[in-house]
Amino acid sequence: MRVFAGVYLLLFCQGLWAQSELLLGIHTDEPAPSIGALLAENPPEGYSIVLEPFADVQQLRSALTDGNIDLALLEETGGDEPGAALITELYPSVLHVLTRGDQSSKNIGEVLREKPIWAGAPGSIGHSVARALARDFGIANADLELLNDAWTVEPEVYFIFGGLLAPDALSRLDGFVLYSFDVPSRLMHGSVVEGIALR
């Protein structure tokens, strides 16, 4: 399976078409509930789709692998899903890093040393890439503070994959600015952006 950032619809390929009711596993964080609701309201002819929410991404992956659900909306994290096949990419994702104040002089290693960071749910692509980049920059696990949720404590850094930000999105995040990884002239010369894309 090719590795992309995005949200994907995957199926567990075992007697799926003999059923009329399909169980679709979704993560409880948006956009999965909204996308799942659209799919459930517009199932293929002759089928119904029942949503099964999971608060934990790893439990959702296990449910797919174990055959407890037929379909899953998942963020790709770089590995194959055993026993599953990709149906479609639902939408592409863009990595957004938002930090407080002027961060133009900092590299991504310094940004990842700030605490705390919301990088998505444990097991998500943002969480995995943040950890991998921290290792690249020699940041010990004890010095990387990734939140388990974005609501208990306000993050100092948002390291998240998602759709393109709406024009007014930053205006709702007072004090935050978009972090710029590199200048265009660094592309094709070992830029951090290319490293992230290769991961």
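Just so it is clear, the model here is predicted, and its values are computed rather than measured.
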A side-chain contact here means heavy atoms from C-beta on lying under 4.5 Å apart; do [X] and [Y] qualify?
X      : Y      : result
Thr99  : Val177 : yes
Val129 : Phe161 : yes
Arg131 : Asn141 : yes
Phe159 : Leu112 : yes
Val57  : Asp29  : no
Leu22  : Pro43  : no
Ile49  : Pro44  : yes

message: Can you list everything that forms a salt bridge (charged side-chain N to carboxylate O under 4.0 Å, His left out) with Glu154? Sequence neighbours excluded, please.
response: Arg100

Could you pull out the closest heavy-atom pair between [X] and [Y], with the gap in Å?
X      : Y      : result
Pro116 : Val153 : CG-CG1, 3.9 Å
Glu114 : Glu156 : OE1-O, 4.4 Å
Asp70  : Leu64  : O-CD1, 4.3 Å

query: Among the clusters formed by ILVMFWY side chains lying less than 4.5 Å apart, do Leu24 and Leu38 turn up in the same one?
result: no

Val50-Ile69 co-clustered via ILVMFWY side chain contacts under 4.5 Å: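 Yes, Val50 and Ile69 fall within the same hydrophobic cluster.
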
- request: Output all residues satisfying ring-ring contact (aromatic ring centres under 6.0 Å, His included) with Phe176, sequence neighbours left out; order by chain, then residue number.
  value: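 Testing Phe176 for ring-ring contact (aromatic ring centres under 6.0 Å, His included), a comparison that skips the adjacent residues, returns Tyr158.
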
message: If you apply the rule side chain to side chain contact (heavy atoms under 4.5 Å, CB included), what do you find for Tyr179 with Val157, and how did you get there?
response: CA-CA 10 Å; Tyr179 175 78; Val157 175; over 6 Å; no

Gap separating the OG1 atom of Thr28 from the CG atom of Leu60, nearest 0.5 angstrom: 9.5 Å

- prompt: Say you draw a straight line from NE2 of His27 to CD1 of Ile35; how long is it, rounded to the nearest 0.5 Å?
  reply: 13.5 Å

query: Under the criterion side-chain contact (heavy atoms from CB on, under 4.5 Å), which of Leu147, Leu146, Ile117 is the partner of His127?
result: Leu146

